J.: 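So that we are looking at the same thing, I have put the structure below in structure tokens.
What you are looking at is a predicted structure, and each value in this text was computed from that prediction instead of being measured. One-based numbering along the sequence shown.
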Amino acid sequence: IMFVMLIVVILLLITIPNVAKYTGTVDERGCAGYVKMVEGAIEAYRIEHKKIPASLKDLQQANYLGKETTCPDGREVSIDASGKVTVHEK
């Protein structure tokens with residue numbers, strides 16, 4: 001039984017740092033994906049309404065975006081007057 005527990009502990013020691021290491025990468029890629037989705041929604045809105053949305057709320061009200069207006073890691077996202085998407089650091 002001690003041998004089995006030793007192996008389990010060794011596997012945990014190997015696995016936990018790798019999971020922690022890749023969490024940041026997953027958050028970054030998730031945010032980049034969300035930004036691309038918002039950019040696509042802006043373009044669709046622009047084509048249909050012949051103007052750039054003033055905010056993410058405009059995209060939500062027109063059903064181009066769901067309720068979430070932040071990246072998966074919690075960073076805020078906004079749109080400027082030219083339609084450029086900006087991610088704000090925490």
J.: Please enumerate all residues that pass side-chain contact (heavy atoms from CB on, under 4.5 Å) together with Leu6, with sequence neighbours excluded.
T.: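 Residues passing side-chain contact (heavy atoms from CB on, under 4.5 Å) with Leu6: Ile10.
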J.: Report the residues that fulfil side-chain contact (heavy atoms from CB on, under 4.5 Å) with Asn63, sequence neighbours left out, ordered by chain and then residue number.
T.: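 For Asn63 there are no side-chain contact (heavy atoms from CB on, under 4.5 Å) partners, ignoring immediate neighbours.
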J.: Just list the side-chain donor-acceptor pairs under 3.5 Å for residues 47-54, sequence neighbours left out, or say none.
T.:
unit_1 : atom_1 : unit_2 : atom_2 : d
Glu48  : OE1    : Tyr64  : OH     : 2.3
Lys50  : NZ     : Ile47  : O      : 3.1

J.: Report yes if some heavy atom in the side chain of Asp58 is under 4.5 Å from a heavy atom in the side chain of Ile79; otherwise report no.
T.: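 No - every pair of side-chain heavy atoms lies 4.5 Å or more apart.
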J.: Just jot down the side-chain contact (heavy atoms from CB on, under 4.5 Å) partners of Lys36, sequence neighbours excluded, or say none.
T.: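 Testing Lys36 for side-chain contact (heavy atoms from CB on, under 4.5 Å), a comparison that skips the adjacent residues, returns Glu39.
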J.: Taking ring pair (Phe, Tyr, Trp, His ring centres under 6.0 Å) as the cut-off, I'd like each qualifying pair that reaches into residues 71-90, sequence neighbours left out, listed once.
T.: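 Those involving residues 71-90 do not exist here.
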J.: Between Gly83 and Ile42, which heavy-atom pair has the shortest distance, and what is it?
T.: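 Nearest heavy atoms, Gly83 then Ile42: O-CD1, 3.4 Å.
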J.: As a test of understanding, state which of Val38, Leu56, Leu59, Val77 forms a side chain to side chain contact (heavy atoms under 4.5 Å, CB included) with Thr69.
T.: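 By the side chain to side chain contact (heavy atoms under 4.5 Å, CB included) criterion, Thr69 pairs with just one of Val38, Leu56, Leu59, Val77: Leu56.
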J.: If you look only at pairs with a residue in residues 74-85, which of them pass as a salt bridge (Lys or Arg N to Asp or Glu O under 4.0 Å), with sequence neighbours excluded?
T.: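 Qualifying pairs, neighbours excluded: Glu28-Arg75, Asp73-Arg75, Arg75-Glu89.
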J.: Without swapping roles, check the side chain of Gln60 against the backbone of Lys67 for a donor-acceptor pair under 3.5 Å.
T.: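 Such a contact is found between Gln60 side chain and Lys67 backbone.
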